[in-house]
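Along the sequence shown, residues are numbered consecutively beginning with 1.
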Amino acid sequence: MSRSKPWFALPIHTLALALIMAAPFPAAAQEFIYTANFADQNVSAFSLNLATGKATEVPGSPFPAGEGPTSITNSPDGRFLYVVLAGELIDRPCGGPTDLLSYRINQRTGALTLIDDQVLSGVCASGVAIDPTGRFVYAASFPLEGPAKVGLIDGYRTSNGHLIPLPGTPFASPIGVADGQNPAIDNMVISRNGKVLYASDPNDAAGILIFDRDRETGTLTFRKAFNSGTAFGAIAITPSGKFLLAPSGTDMFEYRIGAHGNLKSAPGSPFTLSAVALEVDVFPDGTVSVSPNGKFVATTARAVDMQRANQDGRLISVPGSPFGGGFVGFTLAFDPSGHFVITDGRIFRVNQETGALRQVSTFTPGDFVEGITAIKPCEARHGDGDRDGDDCRRDDDAIRGRD
């Protein structure tokens, strides 16, 4: 009998090794997905199984928010969620108070607990952005009254999820726009080194507004409007920090980020999105998302447009793009692993070699999803056994910033 044990053990170990190598993630590995449900006035939360791509709604979801949840983001360490309320409902004009909410994320279950609710300076709130350290959060709106409708950016210092208004807030752009519900600022992104905040202008040829940012105090100073020649809604910065991307119509505009955060059109820009082949447009208030490794760019259209980025930033349409067919929603996001693209109720697995998408599952968020974000629990990130997330550490690169 003793001789038979090695003979019997070898196939078992070999089989176990084969199964481990075949599975891209441990069976228990998970992330959390959050959707801002504009019409339902709440936030839905789902656990994403990284082995299967299946999303399961977390206990207690959906979580109450308020009137018109629109933009959503999370802290870099995955401990906190920030949601902007536009102060409006479908078929009703905005004009009431708008808010920025902060929630604590339970690192084990994904459940949300409301921490803070700050009333913004303006109305019809739109974008939200967080700096690379997670210490500062910004929300955009515009004034209800005044000589000009300009972009207002409320800035907050964060303290364990609480929001503390910055001295001098709100910070204003001098670029006025016509009256109406269109925001003066749509979306915002912050440079990888934290020195510049870029805000998109969805109204005219001054498509990107540039603010200098003090990394220690978080204060903003308007520098100039970059004349892009076209209006922009969605904008994103690549993980390398070298390029800013902005879709408009059926084109993707790309800008190289130079010294002091100045922008210069990248060679080959604008790049034609593959949605042209279907004679459909990218939604003007849609989303652009970049994979964590910077290899792929996804854009919302009536399908998901996928582009592959080479080392110089040049974009090449992924064969078979666009993917999904039919309406996929107004927003999307890569998950932190970069293996999935998440849209309004549909999850696609990303071929890591080609960038092609394959739908693997569906889920049911609330009505009229305006924002999606996904986080990796910090206990999974650091493996420190922290069940509550109280001592989760931020990435060292994010704390130091990148020059």
Side-chain angles (χ1 to χ4, degrees), residues 70-73 82-84 86 94 98 100 120-132 136-143 146 148-156 166 168-178 180-215 218-238 241 243-248 253-258 260-265 284-290 331 370-371:
T70 178
S71 294
I72 187 169
T73 192
Y82 301 95
V83 179
V84 165
C94 61
T98 56
L100 174 63
L120 301 179
S121 300
V123 298
C124 299
S126 48
V128 62
I130 190 165
D131 85 312
F136 300 94
V137 180
Y138 303 88
S141 60
F142 63 77
K149 176 185 166 185
V150 299
L152 298 179
I153 301 176
D154 282 280
Y156 300 89
L166 296 179
T169 199
F171 308 101
S173 153
I175 309 300
V177 298
Q181 288 186 242
N182 287 340
I185 288 174
D186 200 342
N187 284 277
M188 299 176 294
V189 292
I190 297 175
S191 63
R192 294 286 292 175
N193 63 16
K195 293 182 177 181
V196 178
L197 181 145
Y198 301 96
S200 65
D201 178 353
N203 302 286
D204 53 44
I208 301 175
L209 311 176
I210 301 177
F211 293 79
D212 290 310
R213 179 177 174 274
D214 187 307
R215 294 190 294 183
T219 57
L220 303 176
T221 304
F222 179 78
R223 186 198 306 178
K224 66 176 181 179
F226 176 74
N227 191 346
S228 59
T230 186
F232 292 130
I235 53 176
I237 291 179
T238 60
F243 300 97
L244 183 147
L245 299 169
S248 180
F253 290 78
E254 182 176 33
Y255 301 96
R256 183 178 292 276
I257 300 175
H260 310 298
N262 291 320
L263 300 177
K264 181 180 180 181
S265 184
D285 55 352
T287 304
V288 57
S289 183
V290 186
T331 185
E370 283 276 293

Undergrad: Supply the atom-to-atom distance L220 CG to L166 CG, rounded to the nearest 0.5 angstrom.
TA: 8.0 Å
Undergrad: Hey, mind stepping through I153 and F211 against side chain to side chain contact (heavy atoms under 4.5 Å, CB included) and telling me if it holds?
TA: CA-CA 10 Å; I153 301 176; F211 293 79; 3.8 Å; yes
Undergrad: Return the minimal non-hydrogen interatomic distance between R223 and N262, and the atom names on each side.
TA: NH1-OD1, 2.8 Å
Undergrad: Could you check whether F171 and F222 have their ring centres less than 6.0 Å apart?
TA: no
Undergrad: What do the steps show when you test R215 against D131 for salt bridge (Lys or Arg N to Asp or Glu O under 4.0 Å), and what is the final call?
TA: CA-CA 9 Å; R215 294 190 294 183; D131 85 312; over 6 Å; no
Undergrad: Only counting residues at least two apart or in another chain, list the ones meeting side-chain contact (heavy atoms from CB on, under 4.5 Å) with A231.
TA: none
Undergrad: Checking R256 now: which residues fulfil salt bridge (charged side-chain N to carboxylate O under 4.0 Å, His left out) with it, not counting sequence neighbours?
TA: none
Undergrad: The test is side chain to side chain contact (heavy atoms under 4.5 Å, CB included); show your working for I130 and Y138 and say whether it passes.
TA: CA-CA 6 Å; I130 190 165; Y138 303 88; over 6 Å; no
Undergrad: Distance-only, no hydrogens or angles: does the N187 side chain make a donor-acceptor pair with backbone N or O of G233 under 3.5 Å?
TA: yes
Undergrad: Which value, rounded to the nearest 0.5 Å, describes the distance between L197 atom CG and I190 atom CD1?
TA: 5.0 Å
Undergrad: Who are the side-chain contact (heavy atoms from CB on, under 4.5 Å) partners of S121, not counting sequence neighbours?
TA: L152, D154, P170
Undergrad: Could you walk me through whether V150 and F142 satisfy the side chain to side chain contact (heavy atoms under 4.5 Å, CB included) test, starting with their C-alpha distance in whole Å, then the side-chain angles of each, then the deciding distance to 0.1 Å, before giving a yes or no?
TA: CA-CA 6 Å; V150 299; F142 63 77; over 6 Å; no
Undergrad: Can you find a pair of side-chain heavy atoms, one from V83 and one from V128, that are under 4.5 Å apart?
TA: no
Undergrad: What verdict does the side chain to side chain contact (heavy atoms under 4.5 Å, CB included) test give for Y255 and S228, after you've listed the backbone C-alpha separation in whole Å, the side-chain angles of each residue and the deciding distance to 0.1 Å?
TA: CA-CA 10 Å; Y255 301 96; S228 59; 3.4 Å; yes
Undergrad: Can you measure from OG1 (T287) to CD1 (I235) and round to the nearest 0.5 angstrom?
TA: 11.5 Å
Undergrad: Return yes if some donor-acceptor pair links the side-chain N/O of Y82 with the main-chain N/O of S71 below 3.5 Å, else return no.
TA: no
Undergrad: Would you please say whether a donor-acceptor pair under 3.5 Å links the side chains of S141 and T98?
TA: no
Undergrad: Keeping the roles fixed (side chain from S126, backbone from I185), state whether a donor-acceptor pair exists under 3.5 Å.
TA: yes
